[in-house]
Amino acid sequence: MRQPSVPTTPTDNPVMNISPSPVIRPPATIAILGGGQLGSMLAHAARHMGYRTLCISSNTDDPAARWADHHLAADPGDANVISRIAADVQAITVETESIEPAALAAAEAIGTRVAPSSHVQTIVRDRRLEKSFLASNHLSVGPFRIVESAAQMQHTAQELFGNGAKEILAKTARGGYDGKGQRWIRTPGQADAAWQALGQVPLVVETRVDFVGEISVIVARSPDGSMSTLPVFANEHRHGILFQTRMPAALSPATTHAAVNLARRTAQHLNVVGLLAVEMFVLPDGRVLVNEMAARPHNSGHVTLRAATRSQFEMHIAAICGLPLPEVEILRPAVMTNLLGDLWPVESPPAATSDGGHRHPDWATVLADGRATLHLYGKTPRQGRKMGHLIHTGHTAEEALASATAAINQLQTHHASEPA
Ligand SMILES: Nc1ncnc2c1ncn2[C@@H]1O[C@H](COP(=O)(O)OP(=O)(O)O)[C@@H](O)[C@H]1O
Ligand SMILES: [Mg+2]
């Protein structure tokens with residue numbers, strides 16, 4: 001099952017000068033900065049590919065800390081910490097935008113391979129730089145403004161509503177994820193309240209895009225500029241958080257081609273090494289706009305863990321190490337559904353057998369469907385927190401979706417029937 005794809009060639013980077021970088025071979029050690037589930041799945045992939053991993057994160061019980069060969073309990077964004085370990089590892093990568101670029105620069109200064117680079121990390125962690133980068137390189141992006149004061153907020157709201165915007169969305173330039181740090185503004189009169197509510201910090205303000213769908217395109221790119229694009233995923237968000245990803249995405253060949261092209265051009269202009277995940281909106285006329293990007297594995301890519309010839313995590317490791325990047329093919333249609341902390345029943349008072357006051361959802365019923373695989377990250381449940389995901393495969397996309405829908409309905413019903 002192939003999707004239309006742009007050919008992968010080792011020398012298709014017209015934008016940057018490429019300098020040869022040696023292949024990093026197993027059993028080299030890769031440092032993963034950050035302790036979340038993306039890091040744990042990266043550590044898992046790296047280990048079975050023969051690499052050793054060192055996770056640097058604050059807590060020894062972080063998901064990635066438990067999967068890595070070694071763990072250093074320290075601030076992964078501290079340049080002093082990173083300079084101390086940089087000579088002992090062959091590559092350094094990140095699993096979150098929260099890592100300070102200065103920490104990556106400290107490792108670059110001593111010649112360790114760092115992917116993403118401090119330059120890329122600087123851009124992807126600040127929506128102002130991200131959107132400006134896209135716009136200045138003629139990479140399609142929706143209307144946006146940068147806002148850094150209450151007066152600018154007011155002026156921008158008046159301007160965008162005056163231009164015909166029906167709603168505008170203010171997003172903090174830094175630190176936002178899963179819809180956090182965002183506020184919809186429906187009239188110019190709501191602008192000041194939004195500025196206050198978001199903490200009077202720099203913002204990017206966007207016009208609402210009336211999309212017909214959301215997709216993501218993940219590109220793996222090597223130090224030599226060669227690239228391989230993963231299948232395009234269709235994403236459904238609820239309350240700003242990814243709810244479900246479907247692979248393959250039901251898109252016209254023209255939209256698929258446009259999306260893949262846009263993601264690859266973005267990766268080239270950024271000169272990224274490793275994965276670049278590009279979130280996009282699909283417009284009613286089939287055109288695509290970039291929403292945001294991440295230089296790391298992406299939640300939507302989890303679906304590849306069970307239903308593609310390579311997982312996104314294997315592709316990230318292969319790319320940063322300079323291994324050949326194979327084409328990633330879909331093995332079977334699949335749906336990934338995120339499991340949020342809301343599904344964990346809260347006990348009151350907490351029972352001695354419970355986990356921090358939480359019982360667990362009824363996995364047995366969900367797993368009775370043999371097409372389901374359950375991935376749990378081992379985190380403490382909290383409202384809206386990503387706790388794990390389910391992947392359902394099927395002979396057809398409809399079958400996979402029907403199984404996923406049945407599973408999530410079962411979990412929600414079970415939750416609703418629990419005593420509060
Ligand atoms: N300009 C926009 N117009 C319409 N919906 C948007 C817009 N920006 C974001 N959204 C919705 O909010 C979700 C989360 O926004 P995003 O910018 O991706 O932030 P996050 O970093 O939290 O994922 C998007 O996936 C989309 O569903
Ligand atoms: Mg997003």
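In listed order, ligands and their atoms are each counted from 1.
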Answer side chain, backbone, both or neither: which part of N235 comes under 4.0 Å from ligand 1, heavy atoms only.
-> neither

Distance-only donor-acceptor check, side chains H298 and S300, under 3.5 Å | yes

Candidate list L139, V141, V290, V120, test side chain to side chain contact (heavy atoms under 4.5 Å, CB included), partner F133, passing option = L139

Looking at ligand 1, does E167 have a heavy atom less than 4.0 Å from it?
-> no

List every atom of ligand 1 that sits less than 4.0 Å from any heavy atom of D178, numbering the atoms from 1 in the order shown and giving each element.
-> 20 (P), 22 (O)

Give a yes or no on whether E292 keeps an N, O or S atom under 2.8 Å from the Mg ion (ligand 2).
-> yes

Run the contact test for F281 against ligand 1 with a 4.0 Å cut-off on heavy atoms, strictly below, and give the result.
-> yes

For atom 9 (C) of ligand 1, state which one of K171, R127, K180 supplies the nearest heavy atom.
-> K171

Would you say the side-chain atoms of T365 and D362 include a donor-acceptor pair closer than 3.5 Å?
-> yes

May I ask you to check whether G240 has an N/O atom sitting below 3.5 Å from an N/O atom of ligand 1?
-> no

Would L390 and V366 count as a side-chain contact (heavy atoms from CB on, under 4.5 Å) if you check the C-alpha gap in whole Å, the side-chain angles of each, and the deciding distance to 0.1 Å?
-> CA-CA 9 Å; L390 284 166; V366 165; 3.8 Å; yes

Looking at Y377, is K379 sitting on its ring face, NZ or CZ under 6.0 Å from the six-membered ring centre and within 45 degrees of the normal?
-> no

Report the relative orientation of the aromatic rings in H302 and H389; use parallel for angles under 30°, tilted for 30 to 60°, perpendicular for over 60°.
-> tilted

Q182 heavy atoms, cut-off 4.0 Å: which ligand 1 atoms fall inside?
-> 14 (C), 15 (O), 16 (P), 17 (O), 19 (O), 20 (P), 22 (O)

Is E130 salt-bridged to R125, cutoff N-O under 4.0 Å?
-> no

Hey, is R47 close enough to D69 for a salt bridge, meaning N to O under 4.0 Å?
-> yes

Decide yes or no for L289 and L283: does some side-chain heavy atom of the first lie under 4.5 Å from some side-chain heavy atom of the second?
-> yes

Per-residue contact class, F243 against ligand 1 - non-hydrogen pairs under 4.0 Å = neither

Min over E130, E206, E292, E214 of heavy-atom distance to atom 26 (C) of ligand 1 lands on E214

May I ask you to check whether V209 has an N/O atom sitting below 3.5 Å from an N/O atom of ligand 1?
-> yes

N291 contact mode with ligand 1 (heavy-atom cut-off under 4.0 Å) | side chain

Run the contact test for T207 against ligand 1 with a 4.0 Å cut-off on heavy atoms, strictly below, and give the result.
-> yes

For E279, the N, O or S atom at the shortest distance from the Mg ion (ligand 2) is OE1

If you measure every N/O of R208 against every N/O of ligand 1, is any gap under 3.5 Å?
-> no

